[in-house]
Amino acid sequence: MDSLPEDLVALVGDPASTKAIAAMGPDGAPSVAVRDTLAVLDGGTLAFAEELDTSPTSRALVHTIWFGGAVAVSVRRGDRAFHLRARPWRCALVGPLFTRFLLEARARLGGDADIAAVWVLKVDEVRDDSPATLRALDEARRPHAGRHLDRASVVRSDEVADPPAVAQVPVRRYLARSS
Amino acid sequence: MVTSNALGPLALAARYPRVPRFVLLKMDIQRRGLALTPAALDAVQAPEWDYGRSYVIYGQGSAARKNAPGPLLLRDGTSVMVLAGADYADGYTVDLRDGAFVLLDGDDAIDEVEFTPRPDYYGKRTSRGVPMETVATARPQRLDINPYRHCHFWEGGNQCRYCAYFTDVKATSALADGHVARKVDPEDVYETVREALKEPGRFSQVMLTSGADPSGTQVFDDEVERQIEALQAIGRNFRGRRFASQLIGCAYDKHQLRRLHDETGLATFCPDIEVWDPKLFDWICPGKAKWPGRDGWIQSALDAVEVFGPGNVYTNAVAGVELCKPHGFATEDEALASHFEACEFFAKRGVVYLSLVWIPWRGSQLHGQAQPSLEFYARLVLGLHDIRKAHGLRAHNDDYRHCGNHGDSDLERLD
Ligand code: SF4
(Lines give C-alpha, C1' and ligand atoms only; values in the text may rest on other atoms or scores of the structure.)
Protein backbone atom coordinates (compact mmCIF):
# COMPACT_ATOMS: atom_id res chain seq x y z
CA MET A 1 0.00 0.00 0.00
CA ASP A 2 1.24 3.48 -0.78
CA SER A 3 -0.38 5.08 2.25
CA LEU A 4 -2.41 4.18 5.30
CA PRO A 5 -5.81 5.63 6.33
CA GLU A 6 -5.46 8.72 8.50
CA ASP A 7 -7.48 7.29 11.38
CA LEU A 8 -5.24 4.22 11.41
CA VAL A 9 -2.17 6.45 11.49
CA ALA A 10 -3.70 8.36 14.41
CA LEU A 11 -4.59 5.16 16.26
CA VAL A 12 -1.08 3.72 15.86
CA GLY A 13 0.32 7.04 17.10
CA ASP A 14 -1.98 7.04 20.14
CA PRO A 15 0.12 5.92 23.13
CA ALA A 16 -3.01 4.48 24.77
CA SER A 17 -3.85 2.12 21.91
CA THR A 18 -2.94 -1.58 22.12
CA LYS A 19 -0.77 -2.84 19.28
CA ALA A 20 -0.14 -6.53 18.73
CA ILE A 21 1.79 -8.51 16.13
CA ALA A 22 0.93 -12.12 15.31
CA ALA A 23 3.18 -14.35 13.24
CA MET A 24 3.82 -18.00 12.57
CA GLY A 25 6.98 -19.43 14.12
CA PRO A 26 9.39 -21.92 12.56
CA ASP A 27 7.61 -24.77 14.35
CA GLY A 28 4.29 -23.77 12.80
CA ALA A 29 2.93 -22.39 16.07
CA PRO A 30 1.53 -18.86 16.06
CA SER A 31 2.91 -16.27 18.42
CA VAL A 32 1.33 -12.99 19.36
CA ALA A 33 2.96 -10.13 21.21
CA VAL A 34 2.00 -6.61 22.20
CA ARG A 35 4.48 -4.10 20.76
CA ASP A 36 3.94 -0.60 22.12
CA THR A 37 6.69 0.80 19.91
CA LEU A 38 4.74 0.20 16.70
CA ALA A 39 4.95 3.34 14.58
CA VAL A 40 3.96 4.40 11.08
CA LEU A 41 6.82 5.20 8.75
CA ASP A 42 6.30 6.95 5.45
CA GLY A 43 3.92 5.34 2.98
CA GLY A 44 2.40 1.98 3.81
CA THR A 45 5.07 0.84 6.22
CA LEU A 46 5.18 0.24 9.95
CA ALA A 47 8.11 -0.35 12.26
CA PHE A 48 8.58 -1.62 15.77
CA ALA A 49 11.43 -2.64 18.04
CA GLU A 50 12.26 -6.18 19.06
CA GLU A 51 14.18 -6.43 22.29
CA LEU A 52 15.75 -9.83 21.69
CA ASP A 53 16.82 -11.89 18.68
CA THR A 54 15.62 -14.97 20.52
CA SER A 55 12.05 -13.82 21.25
CA PRO A 56 9.28 -15.92 19.66
CA THR A 57 8.25 -12.87 17.62
CA SER A 58 11.77 -12.29 16.28
CA ARG A 59 12.07 -15.90 15.25
CA ALA A 60 8.65 -15.85 13.65
CA LEU A 61 9.52 -12.70 11.70
CA VAL A 62 12.80 -14.21 10.50
CA HIS A 63 10.93 -17.33 9.45
CA THR A 64 8.38 -15.25 7.55
CA ILE A 65 10.87 -13.00 5.77
CA TRP A 66 12.90 -16.09 4.81
CA PHE A 67 10.16 -18.45 3.71
CA GLY A 68 7.22 -16.20 2.87
CA GLY A 69 3.82 -15.60 4.38
CA ALA A 70 2.25 -12.73 6.19
CA VAL A 71 1.99 -11.36 9.69
CA ALA A 72 -1.09 -9.85 11.28
CA VAL A 73 -1.16 -6.58 13.19
CA SER A 74 -3.99 -5.56 15.47
CA VAL A 75 -4.39 -1.98 16.71
CA ARG A 76 -7.19 -1.06 19.06
CA ARG A 77 -8.34 1.55 21.48
CA GLY A 78 -11.87 1.35 22.93
CA ASP A 79 -14.30 0.74 20.10
CA ARG A 80 -11.84 1.71 17.33
CA ALA A 81 -9.77 -1.11 15.89
CA PHE A 82 -7.85 -2.10 12.76
CA HIS A 83 -6.55 -5.41 11.55
CA LEU A 84 -3.65 -5.36 9.07
CA ARG A 85 -1.99 -7.96 6.91
CA ALA A 86 1.67 -7.18 6.37
CA ARG A 87 5.01 -8.62 5.24
CA PRO A 88 8.23 -8.31 7.24
CA TRP A 89 10.30 -6.16 4.89
CA ARG A 90 13.50 -5.27 6.69
CA CYS A 91 15.32 -6.11 9.89
CA ALA A 92 17.48 -3.14 10.86
CA LEU A 93 20.37 -3.68 13.29
CA VAL A 94 22.09 -0.46 12.47
CA GLY A 95 21.31 2.92 10.98
CA PRO A 96 19.10 5.90 11.77
CA LEU A 97 15.86 3.94 12.18
CA PHE A 98 17.49 1.53 14.62
CA THR A 99 19.09 4.38 16.56
CA ARG A 100 15.81 6.28 16.80
CA PHE A 101 13.98 3.32 18.32
CA LEU A 102 16.88 2.57 20.66
CA LEU A 103 17.00 6.14 21.93
CA GLU A 104 13.24 6.14 22.41
CA ALA A 105 13.51 2.93 24.44
CA ARG A 106 16.23 4.44 26.59
CA ALA A 107 14.26 7.66 27.07
CA ARG A 108 11.28 5.60 28.22
CA LEU A 109 12.94 2.83 30.21
CA GLY A 110 16.33 4.20 31.22
CA GLY A 111 19.86 4.16 29.85
CA ASP A 112 20.35 0.42 30.22
CA ALA A 113 17.39 -0.40 27.96
CA ASP A 114 18.33 -2.19 24.78
CA ILE A 115 16.79 -3.39 21.55
CA ALA A 116 18.07 -6.03 19.15
CA ALA A 117 16.49 -4.83 15.94
CA VAL A 118 13.82 -2.70 14.34
CA TRP A 119 11.49 -4.61 12.06
CA VAL A 120 9.89 -2.81 9.15
CA LEU A 121 6.57 -4.19 7.91
CA LYS A 122 4.99 -3.45 4.53
CA VAL A 123 1.24 -3.32 4.90
CA ASP A 124 -0.69 -5.13 2.16
CA GLU A 125 -4.20 -4.89 3.53
CA VAL A 126 -6.06 -2.80 6.09
CA ARG A 127 -9.39 -3.82 7.58
CA ASP A 128 -11.50 -1.73 9.89
CA ASP A 129 -11.83 -4.09 12.83
CA SER A 130 -14.03 -1.90 15.03
CA PRO A 131 -16.87 -3.95 16.58
CA ALA A 132 -19.52 -1.56 15.17
CA THR A 133 -18.10 -1.78 11.66
CA LEU A 134 -17.89 -5.56 11.79
CA ARG A 135 -21.43 -5.77 13.14
CA ALA A 136 -22.75 -3.49 10.37
CA LEU A 137 -20.97 -5.56 7.74
CA ASP A 138 -22.35 -8.73 9.22
CA GLU A 139 -25.90 -7.36 9.27
CA ALA A 140 -25.59 -6.24 5.68
CA ARG A 141 -24.25 -9.56 4.51
CA ARG A 142 -26.69 -11.84 6.39
CA PRO A 143 -29.54 -9.83 7.88
CA HIS A 144 -30.93 -11.30 11.14
CA ALA A 145 -28.70 -14.36 10.96
CA GLY A 146 -26.05 -13.06 13.32
CA ARG A 147 -28.24 -12.00 16.23
CA HIS A 148 -30.03 -13.89 18.98
CA LEU A 149 -33.78 -13.65 18.82
CA ASP A 150 -34.16 -12.24 22.34
CA ARG A 151 -32.58 -9.03 21.08
CA ALA A 152 -35.47 -8.64 18.62
CA SER A 153 -38.14 -9.79 21.07
CA VAL A 154 -41.03 -7.44 22.05
CA VAL A 155 -39.78 -7.81 25.58
CA ARG A 156 -36.00 -8.01 25.62
CA SER A 157 -34.42 -10.43 28.05
CA ASP A 158 -32.77 -7.58 29.96
CA GLU A 159 -36.14 -5.84 30.40
CA VAL A 160 -38.00 -8.65 32.21
CA ALA A 161 -38.80 -8.30 35.90
CA ASP A 162 -35.92 -10.35 37.19
CA PRO A 163 -33.20 -10.44 34.48
CA PRO A 164 -30.53 -13.11 34.92
CA ALA A 165 -27.36 -11.75 36.49
CA VAL A 166 -23.94 -12.76 35.26
CA ALA A 167 -23.04 -14.23 38.62
CA GLN A 168 -26.00 -16.64 38.47
CA VAL A 169 -24.77 -18.36 35.33
CA PRO A 170 -23.08 -21.57 36.51
CA VAL A 171 -20.08 -21.35 34.22
CA ARG A 172 -17.73 -23.01 36.64
CA ARG A 173 -19.77 -26.14 36.92
CA TYR A 174 -20.16 -26.19 33.18
CA LEU A 175 -16.41 -25.78 32.67
CA ALA A 176 -15.70 -28.42 35.26
CA ARG A 177 -18.02 -30.82 33.48
CA SER A 178 -16.59 -30.19 30.09
CA SER A 179 -12.93 -30.45 31.07
CA MET B 1 37.33 -15.68 -10.89
CA VAL B 2 35.71 -18.82 -12.19
CA THR B 3 32.45 -20.01 -10.68
CA SER B 4 29.95 -22.65 -11.64
CA ASN B 5 26.48 -21.18 -11.66
CA ALA B 6 24.60 -24.35 -12.48
CA LEU B 7 21.89 -23.55 -9.95
CA GLY B 8 21.29 -20.11 -8.51
CA PRO B 9 19.78 -19.10 -5.18
CA LEU B 10 16.17 -19.38 -6.31
CA ALA B 11 16.45 -22.88 -7.75
CA LEU B 12 18.43 -24.04 -4.73
CA ALA B 13 15.92 -22.56 -2.29
CA ALA B 14 13.34 -24.84 -3.88
CA ARG B 15 15.65 -27.86 -3.73
CA TYR B 16 16.77 -27.16 -0.14
CA PRO B 17 13.67 -25.74 1.54
CA ARG B 18 15.43 -25.32 4.89
CA VAL B 19 18.05 -23.01 3.42
CA PRO B 20 16.50 -19.57 2.98
CA ARG B 21 16.94 -17.57 -0.19
CA PHE B 22 18.69 -14.81 1.79
CA VAL B 23 21.41 -17.16 3.02
CA LEU B 24 21.88 -18.60 -0.46
CA LEU B 25 22.03 -15.11 -1.90
CA LYS B 26 24.58 -14.00 0.66
CA MET B 27 26.85 -16.97 -0.07
CA ASP B 28 26.45 -16.48 -3.81
CA ILE B 29 27.40 -12.81 -3.53
CA GLN B 30 30.47 -13.80 -1.52
CA ARG B 31 31.27 -16.44 -4.11
CA ARG B 32 30.70 -14.42 -7.24
CA GLY B 33 31.52 -10.96 -5.95
CA LEU B 34 30.00 -7.54 -6.21
CA ALA B 35 30.50 -4.43 -8.28
CA LEU B 36 28.88 -1.04 -8.01
CA THR B 37 27.50 0.87 -10.98
CA PRO B 38 28.83 4.43 -11.32
CA ALA B 39 25.54 5.75 -9.89
CA ALA B 40 25.79 3.50 -6.84
CA LEU B 41 29.46 4.29 -6.36
CA ASP B 42 28.69 8.01 -6.48
CA ALA B 43 25.88 7.52 -3.97
CA VAL B 44 28.10 5.78 -1.43
CA GLN B 45 30.41 8.78 -1.40
CA ALA B 46 27.69 10.51 0.68
CA PRO B 47 28.70 10.98 4.32
CA GLU B 48 26.22 8.42 5.64
CA TRP B 49 27.75 5.58 3.58
CA ASP B 50 31.34 6.59 2.96
CA TYR B 51 33.68 4.15 4.71
CA GLY B 52 36.72 6.14 3.68
CA ARG B 53 39.77 5.44 1.63
CA SER B 54 41.48 3.13 4.07
CA TYR B 55 38.74 0.59 4.55
CA VAL B 56 40.16 -1.88 2.09
CA ILE B 57 43.09 -3.66 3.65
CA TYR B 58 42.53 -7.17 2.37
CA GLY B 59 44.24 -6.78 -0.92
CA GLN B 60 41.33 -6.62 -3.32
CA GLY B 61 39.94 -3.17 -3.34
CA SER B 62 39.43 -0.94 -6.30
CA ALA B 63 38.76 1.87 -3.92
CA ALA B 64 41.77 3.85 -5.00
CA ARG B 65 39.76 6.31 -7.03
CA LYS B 66 36.57 6.38 -5.00
CA ASN B 67 35.81 5.53 -1.42
CA ALA B 68 34.33 2.17 -0.56
CA PRO B 69 31.05 1.53 1.24
CA GLY B 70 30.78 -0.70 4.29
CA PRO B 71 29.42 -4.25 4.28
CA LEU B 72 26.34 -4.93 2.19
CA LEU B 73 23.11 -5.46 4.13
CA LEU B 74 20.30 -7.72 3.01
CA ARG B 75 16.72 -7.08 4.07
CA ASP B 76 16.75 -9.86 6.64
CA GLY B 77 19.44 -7.98 8.58
CA THR B 78 22.35 -10.18 7.56
CA SER B 79 25.48 -8.59 6.23
CA VAL B 80 27.55 -9.77 3.33
CA MET B 81 31.28 -9.51 3.80
CA VAL B 82 32.38 -8.83 0.28
CA LEU B 83 34.66 -6.23 -1.19
CA ALA B 84 32.79 -4.19 -3.71
CA GLY B 85 34.80 -3.78 -6.85
CA ALA B 86 37.17 -6.76 -6.68
CA ASP B 87 37.96 -8.45 -9.98
CA TYR B 88 34.98 -10.71 -10.38
CA ALA B 89 34.14 -12.00 -13.84
CA ASP B 90 30.52 -12.85 -13.16
CA GLY B 91 29.56 -10.93 -10.08
CA TYR B 92 26.44 -9.25 -8.83
CA THR B 93 25.97 -5.51 -9.27
CA VAL B 94 24.46 -2.88 -7.05
CA ASP B 95 22.73 -0.02 -8.83
CA LEU B 96 20.94 3.06 -7.56
CA ARG B 97 17.31 3.16 -8.68
CA ASP B 98 14.75 5.69 -7.48
CA GLY B 99 17.02 6.56 -4.58
CA ALA B 100 17.36 2.96 -3.36
CA PHE B 101 20.19 0.46 -3.79
CA VAL B 102 19.13 -2.53 -5.87
CA LEU B 103 21.01 -5.80 -6.27
CA LEU B 104 21.23 -7.03 -9.86
CA ASP B 105 22.24 -10.38 -11.30
CA GLY B 106 22.94 -9.46 -14.90
CA ASP B 107 19.89 -7.43 -15.88
CA ASP B 108 17.62 -9.05 -13.30
CA ALA B 109 16.75 -6.95 -10.26
CA ILE B 110 17.04 -9.34 -7.31
CA ASP B 111 16.22 -7.28 -4.24
CA GLU B 112 16.58 -4.02 -2.40
CA VAL B 113 19.83 -3.83 -0.43
CA GLU B 114 21.62 -1.31 1.77
CA PHE B 115 25.12 -0.63 2.93
CA THR B 116 26.23 -0.46 6.53
CA PRO B 117 26.08 3.17 7.58
CA ARG B 118 29.36 4.85 8.38
CA PRO B 119 29.97 4.83 12.12
CA ASP B 120 30.37 8.14 13.95
CA TYR B 121 34.02 7.58 14.89
CA TYR B 122 35.14 7.39 11.26
CA GLY B 123 36.90 10.59 10.26
CA LYS B 124 38.13 11.25 13.80
CA ARG B 125 41.74 10.98 14.93
CA THR B 126 43.39 9.66 18.04
CA SER B 127 45.45 12.02 20.20
CA ARG B 128 48.50 10.80 18.23
CA GLY B 129 46.82 11.92 14.99
CA VAL B 130 45.98 8.45 13.71
CA PRO B 131 42.67 8.20 11.77
CA MET B 132 40.45 5.99 13.89
CA GLU B 133 39.09 4.06 10.90
CA THR B 134 42.62 2.78 10.34
CA VAL B 135 42.69 1.42 13.89
CA ALA B 136 39.31 -0.31 13.85
CA THR B 137 36.94 -1.04 10.99
CA ALA B 138 33.23 -1.44 11.53
CA ARG B 139 30.87 -4.21 10.57
CA PRO B 140 27.18 -3.57 11.27
CA GLN B 141 27.56 -4.58 14.92
CA ARG B 142 31.23 -5.43 15.31
CA LEU B 143 34.50 -3.56 15.69
CA ASP B 144 37.38 -5.28 13.89
CA ILE B 145 40.88 -4.52 15.09
CA ASN B 146 44.16 -5.76 13.65
CA PRO B 147 46.74 -4.90 16.32
CA TYR B 148 49.54 -6.26 14.10
CA ARG B 149 49.27 -6.08 10.34
CA HIS B 150 51.91 -8.42 9.15
CA CYS B 151 51.89 -12.17 8.81
CA HIS B 152 55.32 -13.73 9.20
CA PHE B 153 54.15 -16.85 7.38
CA TRP B 154 54.57 -14.84 4.19
CA GLU B 155 58.31 -14.73 4.84
CA GLY B 156 59.80 -17.64 2.96
CA GLY B 157 56.56 -18.34 1.13
CA ASN B 158 54.84 -20.12 4.03
CA GLN B 159 51.58 -18.21 3.72
CA CYS B 160 48.28 -20.03 3.37
CA ARG B 161 47.66 -20.53 -0.33
CA TYR B 162 44.24 -18.84 -0.36
CA CYS B 163 45.47 -15.82 1.59
CA ALA B 164 45.73 -12.29 0.30
CA TYR B 165 45.71 -10.80 3.75
CA PHE B 166 47.63 -7.55 4.09
CA THR B 167 48.91 -7.74 0.51
CA ASP B 168 47.70 -4.21 -0.02
CA VAL B 169 49.10 -2.74 3.18
CA LYS B 170 51.49 -0.51 1.24
CA ALA B 171 48.81 0.73 -1.14
CA THR B 172 46.29 1.11 1.65
CA SER B 173 48.83 2.88 3.80
CA ALA B 174 49.45 5.34 0.97
CA LEU B 175 45.71 5.90 0.65
CA ALA B 176 45.55 6.54 4.39
CA ASP B 177 48.37 9.09 4.24
CA GLY B 178 50.83 6.61 5.72
CA HIS B 179 48.72 5.89 8.77
CA VAL B 180 48.50 2.12 8.46
CA ALA B 181 51.40 1.07 10.65
CA ARG B 182 52.48 -2.54 11.06
CA LYS B 183 51.86 -2.44 14.81
CA VAL B 184 49.02 -0.37 16.18
CA ASP B 185 49.72 1.62 19.32
CA PRO B 186 47.53 0.23 22.16
CA GLU B 187 46.66 3.78 23.17
CA ASP B 188 45.23 4.34 19.70
CA VAL B 189 43.21 1.16 20.15
CA TYR B 190 41.96 2.35 23.53
CA GLU B 191 40.97 5.78 22.21
CA THR B 192 39.29 4.43 19.09
CA VAL B 193 37.18 1.93 21.01
CA ARG B 194 36.28 4.63 23.55
CA GLU B 195 35.10 6.87 20.73
CA ALA B 196 33.23 4.08 18.93
CA LEU B 197 31.29 3.22 22.08
CA LYS B 198 29.82 6.71 22.20
CA GLU B 199 27.44 5.76 19.39
CA PRO B 200 24.35 4.19 20.98
CA GLY B 201 23.78 0.54 20.13
CA ARG B 202 26.29 0.54 17.29
CA PHE B 203 28.47 -2.36 18.42
CA SER B 204 27.91 -5.69 20.18
CA GLN B 205 31.39 -7.15 19.94
CA VAL B 206 35.08 -6.41 19.44
CA MET B 207 37.04 -8.80 17.22
CA LEU B 208 40.82 -8.94 17.11
CA THR B 209 42.96 -10.65 14.57
CA SER B 210 46.54 -10.24 13.45
CA GLY B 211 48.99 -11.82 11.11
CA ALA B 212 50.79 -14.85 12.54
CA ASP B 213 54.08 -14.31 14.35
CA PRO B 214 55.76 -17.46 15.64
CA SER B 215 58.62 -15.56 17.31
CA GLY B 216 59.24 -15.57 21.07
CA THR B 217 60.60 -17.84 23.78
CA GLN B 218 57.73 -20.19 23.10
CA VAL B 219 56.20 -20.21 19.59
CA PHE B 220 53.74 -17.26 19.33
CA ASP B 221 54.87 -15.66 22.63
CA ASP B 222 55.47 -12.26 21.00
CA GLU B 223 52.12 -12.39 19.25
CA VAL B 224 50.32 -13.27 22.48
CA GLU B 225 52.06 -10.38 24.24
CA ARG B 226 50.73 -7.97 21.60
CA GLN B 227 47.22 -9.42 21.82
CA ILE B 228 47.24 -9.01 25.61
CA GLU B 229 48.42 -5.43 25.27
CA ALA B 230 45.63 -4.62 22.80
CA LEU B 231 42.94 -6.48 24.77
CA GLN B 232 43.94 -4.71 27.98
CA ALA B 233 43.74 -1.38 26.18
CA ILE B 234 40.26 -2.23 24.90
CA GLY B 235 39.22 -3.56 28.31
CA ARG B 236 39.87 -0.19 29.96
CA ASN B 237 36.72 0.98 28.21
CA PHE B 238 34.42 -1.45 30.01
CA ARG B 239 33.03 -1.56 33.52
CA GLY B 240 32.95 -5.34 33.93
CA ARG B 241 35.83 -7.74 33.60
CA ARG B 242 34.71 -9.66 30.49
CA PHE B 243 33.42 -7.94 27.41
CA ALA B 244 31.90 -9.39 24.23
CA SER B 245 34.98 -10.18 22.23
CA GLN B 246 36.64 -12.68 19.98
CA LEU B 247 40.29 -13.23 19.25
CA ILE B 248 41.08 -15.01 16.01
CA GLY B 249 44.55 -16.14 16.92
CA CYS B 250 47.11 -18.83 16.29
CA ALA B 251 47.69 -22.19 17.92
CA TYR B 252 48.51 -20.90 21.40
CA ASP B 253 49.49 -23.34 24.11
CA LYS B 254 47.64 -23.72 27.38
CA HIS B 255 49.85 -21.28 29.25
CA GLN B 256 49.31 -18.61 26.57
CA LEU B 257 45.57 -19.25 26.56
CA ARG B 258 45.46 -19.00 30.33
CA ARG B 259 47.26 -15.66 30.17
CA LEU B 260 44.78 -14.35 27.59
CA HIS B 261 41.90 -15.44 29.77
CA ASP B 262 43.30 -14.27 33.11
CA GLU B 263 45.04 -11.05 32.08
CA THR B 264 42.35 -9.68 29.74
CA GLY B 265 38.57 -9.54 29.38
CA LEU B 266 38.57 -11.79 26.29
CA ALA B 267 35.39 -13.86 26.02
CA THR B 268 35.96 -16.21 23.09
CA PHE B 269 38.91 -17.63 21.19
CA CYS B 270 39.16 -18.84 17.60
CA PRO B 271 42.21 -20.67 16.22
CA ASP B 272 41.26 -21.30 12.59
CA ILE B 273 41.86 -24.82 11.33
CA GLU B 274 41.09 -23.66 7.75
CA VAL B 275 41.40 -27.14 6.18
CA TRP B 276 40.59 -30.36 8.01
CA ASP B 277 42.15 -33.05 5.83
CA PRO B 278 45.73 -33.62 7.15
CA LYS B 279 47.47 -33.77 3.76
CA LEU B 280 45.57 -30.82 2.36
CA PHE B 281 46.18 -28.85 5.55
CA ASP B 282 49.94 -29.32 5.15
CA TRP B 283 49.81 -28.37 1.48
CA ILE B 284 47.41 -25.42 1.69
CA CYS B 285 48.64 -23.97 5.00
CA PRO B 286 52.42 -24.54 5.06
CA GLY B 287 53.00 -21.91 7.75
CA LYS B 288 50.43 -23.45 10.05
CA ALA B 289 51.82 -26.90 9.24
CA LYS B 290 55.19 -25.71 10.46
CA TRP B 291 54.11 -23.62 13.45
CA PRO B 292 53.24 -25.84 15.27
CA GLY B 293 51.54 -28.32 12.89
CA ARG B 294 47.96 -29.49 12.45
CA ASP B 295 47.86 -31.38 15.75
CA GLY B 296 48.96 -28.22 17.53
CA TRP B 297 46.12 -26.20 15.99
CA ILE B 298 43.58 -28.81 17.00
CA GLN B 299 45.06 -29.10 20.49
CA SER B 300 44.94 -25.35 20.92
CA ALA B 301 41.19 -25.33 20.24
CA LEU B 302 40.65 -28.18 22.69
CA ASP B 303 42.81 -26.53 25.36
CA ALA B 304 40.89 -23.31 24.84
CA VAL B 305 37.65 -25.12 25.72
CA GLU B 306 39.19 -25.90 29.12
CA VAL B 307 40.11 -22.26 29.56
CA PHE B 308 37.17 -20.38 28.01
CA GLY B 309 34.45 -23.03 28.38
CA PRO B 310 32.50 -25.14 25.89
CA GLY B 311 30.81 -23.05 23.20
CA ASN B 312 33.27 -20.19 23.63
CA VAL B 313 35.83 -21.59 21.23
CA TYR B 314 35.46 -21.39 17.49
CA THR B 315 37.38 -22.54 14.46
CA ASN B 316 36.80 -21.57 10.85
CA ALA B 317 37.19 -23.53 7.65
CA VAL B 318 37.84 -21.86 4.32
CA ALA B 319 35.17 -23.96 2.70
CA GLY B 320 35.80 -24.93 -0.87
CA VAL B 321 39.55 -24.49 -0.85
CA GLU B 322 39.95 -28.21 -0.15
CA LEU B 323 38.75 -28.71 -3.74
CA CYS B 324 41.52 -26.63 -5.29
CA LYS B 325 43.88 -28.06 -7.84
CA PRO B 326 46.06 -30.03 -8.17
CA HIS B 327 45.91 -31.85 -4.82
CA GLY B 328 42.40 -31.08 -3.61
CA PHE B 329 39.44 -33.42 -3.38
CA ALA B 330 38.08 -34.54 -6.73
CA THR B 331 34.41 -34.21 -5.77
CA GLU B 332 32.23 -31.92 -3.69
CA ASP B 333 30.87 -34.99 -1.88
CA GLU B 334 34.34 -35.84 -0.57
CA ALA B 335 34.87 -32.24 0.51
CA LEU B 336 31.54 -32.19 2.34
CA ALA B 337 32.33 -35.46 4.11
CA SER B 338 35.58 -33.94 5.34
CA HIS B 339 33.80 -30.84 6.70
CA PHE B 340 31.17 -32.90 8.46
CA GLU B 341 33.82 -35.11 10.02
CA ALA B 342 35.62 -32.00 11.29
CA CYS B 343 32.45 -30.41 12.61
CA GLU B 344 31.49 -33.60 14.44
CA PHE B 345 34.98 -33.94 15.91
CA PHE B 346 34.99 -30.39 17.23
CA ALA B 347 31.33 -30.27 18.28
CA LYS B 348 31.82 -33.33 20.50
CA ARG B 349 34.55 -31.38 22.25
CA GLY B 350 32.69 -28.06 22.65
CA VAL B 351 34.26 -26.23 19.70
CA VAL B 352 32.08 -24.43 17.15
CA TYR B 353 33.29 -25.27 13.62
CA LEU B 354 32.11 -22.68 11.09
CA SER B 355 32.47 -22.31 7.34
CA LEU B 356 33.55 -19.35 5.25
CA VAL B 357 33.11 -19.11 1.51
CA TRP B 358 36.46 -19.49 -0.22
CA ILE B 359 37.26 -16.61 -2.53
CA PRO B 360 40.32 -17.10 -4.77
CA TRP B 361 41.58 -13.57 -4.18
CA ARG B 362 43.90 -11.79 -6.50
CA GLY B 363 47.19 -11.76 -4.59
CA SER B 364 46.70 -15.32 -3.37
CA GLN B 365 48.41 -18.36 -4.87
CA LEU B 366 45.05 -19.84 -5.83
CA HIS B 367 43.84 -16.85 -7.80
CA GLY B 368 42.00 -17.94 -10.92
CA GLN B 369 40.93 -21.36 -9.65
CA ALA B 370 37.33 -22.50 -9.97
CA GLN B 371 35.12 -22.30 -6.90
CA PRO B 372 32.67 -25.01 -5.88
CA SER B 373 29.01 -24.74 -6.81
CA LEU B 374 26.53 -22.82 -4.72
CA GLU B 375 24.82 -26.14 -4.10
CA PHE B 376 27.97 -27.28 -2.28
CA TYR B 377 27.58 -24.36 0.11
CA ALA B 378 23.85 -25.03 0.56
CA ARG B 379 24.57 -28.61 1.57
CA LEU B 380 27.49 -27.53 3.70
CA VAL B 381 25.68 -24.95 5.82
CA LEU B 382 22.76 -27.25 6.39
CA GLY B 383 25.00 -30.11 7.47
CA LEU B 384 27.19 -28.00 9.77
CA HIS B 385 24.17 -26.37 11.36
CA ASP B 386 22.52 -29.72 12.04
CA ILE B 387 25.65 -31.30 13.53
CA ARG B 388 26.24 -28.41 15.93
CA LYS B 389 22.58 -28.34 16.89
CA ALA B 390 22.63 -32.05 17.67
CA HIS B 391 25.48 -31.32 20.09
CA GLY B 392 23.68 -28.36 21.67
CA LEU B 393 26.21 -25.84 20.35
CA ARG B 394 25.37 -22.36 19.11
CA ALA B 395 27.59 -19.75 17.52
CA HIS B 396 26.37 -16.98 19.81
CA ASN B 397 29.49 -14.90 19.22
CA ASP B 398 29.84 -15.63 15.55
CA ASP B 399 26.26 -15.33 14.40
CA TYR B 400 24.54 -13.14 11.82
CA ARG B 401 24.74 -10.15 14.16
CA HIS B 402 28.36 -10.34 15.22
CA CYS B 403 30.03 -11.63 12.11
CA GLY B 404 27.88 -12.03 9.03
CA ASN B 405 30.38 -14.29 7.30
CA HIS B 406 28.85 -17.69 8.03
CA GLY B 407 25.76 -19.03 6.29
CA ASP B 408 25.66 -21.92 8.76
CA SER B 409 25.37 -19.72 11.84
CA ASP B 410 22.75 -17.56 10.07
CA LEU B 411 20.50 -20.63 10.14
CA GLU B 412 20.55 -20.54 13.94
CA ARG B 413 18.24 -17.53 13.87
CA LEU B 414 15.31 -19.95 13.86
CA ASP B 415 16.61 -22.22 16.64
S1 SF4 C 1 47.97 -17.23 8.96
FE2 SF4 C 1 47.51 -17.79 6.86
S3 SF4 C 1 45.47 -16.88 6.50
FE4 SF4 C 1 46.31 -15.89 8.33
S5 SF4 C 1 47.32 -14.03 7.56
FE6 SF4 C 1 48.88 -15.61 7.69
S7 SF4 C 1 48.94 -16.54 5.68
FE8 SF4 C 1 47.03 -15.39 5.81
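Worth knowing before you read on, the calculation uses all heavy atoms, side chains too, and leaves out hydrogens, waters and symmetry mates. In this text, all values refer to a predicted model and were calculated from it rather than measured experimentally.
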Exam field: side chain [X] to backbone [Y], donor-acceptor pair closer than 3.5 Å:
| X | Y | value |
| --- | --- | --- |
| B/R401 | A/A116 | yes |
| B/R21 | A/F67 | no |
| A/R90 | B/R75 | no |

Relative to chain B, which segment of [X] carries a heavy atom at a distance below 4.5 Å: side chain, backbone, both, or neither?
| X | value |
| --- | --- |
| A/I65 | both |
| A/L103 | side chain |
| A/A60 | neither |

key: Verdict with reasoning, A/D53 to B/R413, per salt bridge (Lys or Arg N to Asp or Glu O under 4.0 Å)   = CA-CA 8 Å; A/D53 280 337; B/R413 293 179 79 183; 5.6 Å; no
Has [X] got more than 12 heavy atoms of other residues, nucleotides or ligands less than 6.0 Å from its [atom1]?
| X | atom1 | result |
| --- | --- | --- |
| A/D158 | CG | yes |
| B/R241 | CZ | yes |
| A/E51 | CD | no |
| A/E6 | CD | no |

ask   = Top residue by heavy-atom pair count (under 4.5 Å) with chain A, among B/E199, B/R118, B/E48, B/E112?
value =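 Heavy-atom pairs under 4.5 Å are most numerous for B/E112.
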query = Among B/P200, B/A13, B/P119, which has the most heavy-atom pairs under 4.5 Å with chain A?
reply = B/P200
To the nearest 0.5 Å, what is the distance between [atom1] on [X] and [atom2] on [Y]?
| X | Y | atom1 | atom2 | value |
| --- | --- | --- | --- | --- |
| A/T54 | B/H396 | OG1 | NE2 | 9.0 Å |
| B/D76 | A/L61 | CG | CG | 12.0 Å |
| B/S204 | A/L93 | OG | CG | 8.0 Å |
| B/L73 | A/C91 | CG | SG | 10.0 Å |

pair B/L414-A/V62: side-chain heavy atoms closer than 4.5 Å = yes
Heavy-atom closest contact (A/V94 atom, B/P117 atom, distance) = CG1-CD, 3.8 Å
message = Can you give me the closest heavy-atom contact between B/L411 and A/W66, atom names plus distance?
response = CA-CH2, 4.1 Å
message = Heavy-atom cut-off 4.5 Å, strictly under: side chain, backbone, both or neither for B/R394 against chain A?
response = neither
Trace of the side-chain contact (heavy atoms from CB on, under 4.5 Å) decision for A/F98 with B/R202 = CA-CA 9 Å; A/F98 173 84; B/R202 183 63 172 78; over 6 Å; no
